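Structure first, then comments.
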2 protein chains.
Amino acid sequence: MFSKACEYAVRATLLVASHSLMDERVSVKDIAEATASPVAFTAKIMQQLNRGGILYSVQGKQGGFEMTREQMQATKLSQIVTLIDGDRVFTGCGLGLRECNAKKPCPLHERFSTVRGELKAMLDSTTVLDLALGLKDGLTFLRV
Amino acid sequence: MFSKACEYAVRATLLVASHSLMDERVSVKDIAEATASPVAFTAKIMQQLNRGGILYSVQGKQGGFEMTREQMQATKLSQIVTLIDGDRVFTGCGLGLRECNAKKPCPLHERFSTVRGELKAMLDSTTVLDLALGLKDGLTFLRV
DNA sequence: TTTAAATCGGATAAAATTATCCTGTTTAAA
DNA sequence: TTTAAACAGGATAATTTTATCCGATTTAAA
Ligand code: SF4
Ligand code: SF4
């Protein structure tokens, strides 16, 4: 469904958000540990999230990553997915046709575009804050 | 969403089915051409489809691939996806957690499993015959 | 019987994704 | 001022996925 990079990105963002709700800043090391992700790969992804304006990074000792409540509210999951994976999951053909042309539909067109639309609607309507709250309260988890 | 191999597999299966509806057998070369897929890779996938009982292969001159109407009716898209990609798309975690434990859900659990279930229901309720009919009638297409 | 079309399957290659390493810079604390 | 923690970013490595190649076998037609 999503790339590993994208899964790590969402997990990392939610972890940063839940800590920011408690006014804590987290390091890459903390993030990788808490989300069971490879640390160096996670570091790369944090750079992308920072450049994409999803969160803030603070350099130097005592540095790390943090989010404002505004960012948490403004950031929908679909934005993170698009930032890391592009829009293929939202616009791509279920059967892999290079170009989606409704006048020349693939056999799965009707049924697939319905489900794809539901996925997009779900990710469009879910904010980082929505999910970070449950995480902060210990109701949900980011690693097994 | 699906691997390239899986996309090729579904496209190839639908092509074989539509031709079998007209009592025509098709070669790997024909399939690759008609579905805009790499021929050698498609050949490998045809072997998997044959071993998996999705369709029949006929060796030797005038050989190729074919499906019975029973196979078309019995084969749901979900079976092809499972054969090629396994069940990760149906059972995997949207955030990539290794083990899905409803008692220890990821933050996206509720929303993701809903959409994932709709995808599965769609693929479970769609047979190869359903899609091959529109293809045979020229209403849908397998390449741009 | 010979030939050629076609699948089978193992080996290999190319490309993309995932993951690591290392050096430099920033910055707070000692 | 020195030190060490921490991110930035370029280079490289490992793994997986995608793709190709080739010799062997099967089989219908010439
Ligand atoms: S809509 Fe149908 S045709 Fe267009 S891309 Fe999706 S699946 Fe393929
Ligand atoms: S069910 Fe929820 S927790 Fe379990 S895997 Fe799917 S999304 Fe993750």
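Chain A is the first sequence line, chain B the second, and so forth, proteins listed ahead of strands; every chain is numbered from 1. Not measured: the values here are computed from a predicted model.
Side-chain proximity of Ser27(A) to dA6(D), dT20(C), dA19(D): nearest is dA6(D). Listed nucleotides dA8(D), dG9(D), dC8(C) differ in distance to Asn50(B); the shortest reach to its side chain belongs to dC8(C). Among dA8(D), dT27(D), dT18(D), the nucleotide with an atom closest to any side-chain atom of Gln59(B) is dT27(D). Of the candidate nucleotides dA29(D), dT7(C), dT18(D), dA29(D) has the atom nearest to the side chain of Lys61(B). Checking dG9(D), dA19(C), dC21(D) against the side-chain heavy atoms of Arg51(A) singles out dG9(D) as nearest. Each of dG9(C), dT18(C), dT18(D) was ranked by its minimum atom distance to the side chain of Ala5(A); first place goes to dT18(C).
Using a 4.0 Å heavy-atom cutoff across all strands shown, Lys29(B) reaches no nucleic acid atom at all. Tyr56(B) comes within 4.0 angstrom of nothing in the nucleic acid, heavy atoms only. At the heavy-atom level, Arg25(A) lies nowhere under 4.0 Å from the strands shown. Contact annotation for Gln62(B): backbone-only contact, meaning every heavy-atom pair under 4.0 Å involves sugar-phosphate atoms and none involves a base.
Using a 4.5 Å heavy-atom cutoff, the side chains of Met1(A) and Met1(B) are in contact.
For Phe65(B) and Tyr56(B), the ring centers are positioned 6.0 Å apart or more.
Of all non-hydrogen atoms in Val39(B) and Ala32(B), the two that sit nearest each other are CA-CB, 3.6 Å. Across all their heavy atoms, Ile54(B) and Met67(B) have their closest contact at O-CE, 3.1 Å.
Gln47(B) has its CD atom 15 Å from the P atom of dT25(D), to the nearest Å. Taking atom CD of residue Gln48(A) and atom C1' of nucleotide dA8(D), one finds them 13 Å apart after rounding to whole Å. If you take CD1 of Ile31(B) and P of dC8(C), they are 10 Å apart, rounded to a whole angstrom. Atom NZ in Lys44(A) sits roughly 14 Å away from atom P in dT23(C) (whole-Å rounding). When the P atom of dA19(D) is taken as reference, atom CD1 of Ile84(B) falls 14 Å away, rounded to whole Å. As a whole-Å value, the separation of Glu7(A) CD from dA19(C) C1' is 15 Å. Rounded to whole angstrom, the span from the CZ atom of Phe65(B) across to the C1' atom of dT27(D) amounts to 15 Å. One can place CG of Asp30(B) at 13 Å from C1' of dT7(C), the figure rounded to the nearest angstrom.
For the residue pair Gln47(B) and Arg51(B), a side-chain donor N or O sits within less than 3.5 Å of a side-chain acceptor on the partner. Using modelled atom types, one finds a donor on one side chain and an acceptor on the other under 3.5 Å when comparing Ser3(A) with Asp85(A).
OP1 or OP2 of dC8(C) has at least one side-chain nitrogen or oxygen of Ser57(B) nearer than 4.0 Å. The side chain of Tyr8(A) contributes an N or O atom lying less than 4.0 Å from OP1 or OP2 of dA19(C).
Along DNA chain D, the nucleotide nearest to Pro38(B) and the one nearest to Val58(B) differ in position, and the one closer to the 5' end is contacted by Pro38(B). Nearest-nucleotide positions on DNA chain C place Phe41(A) closer to the 5' end than the other of Phe41(A) and Gly60(A).
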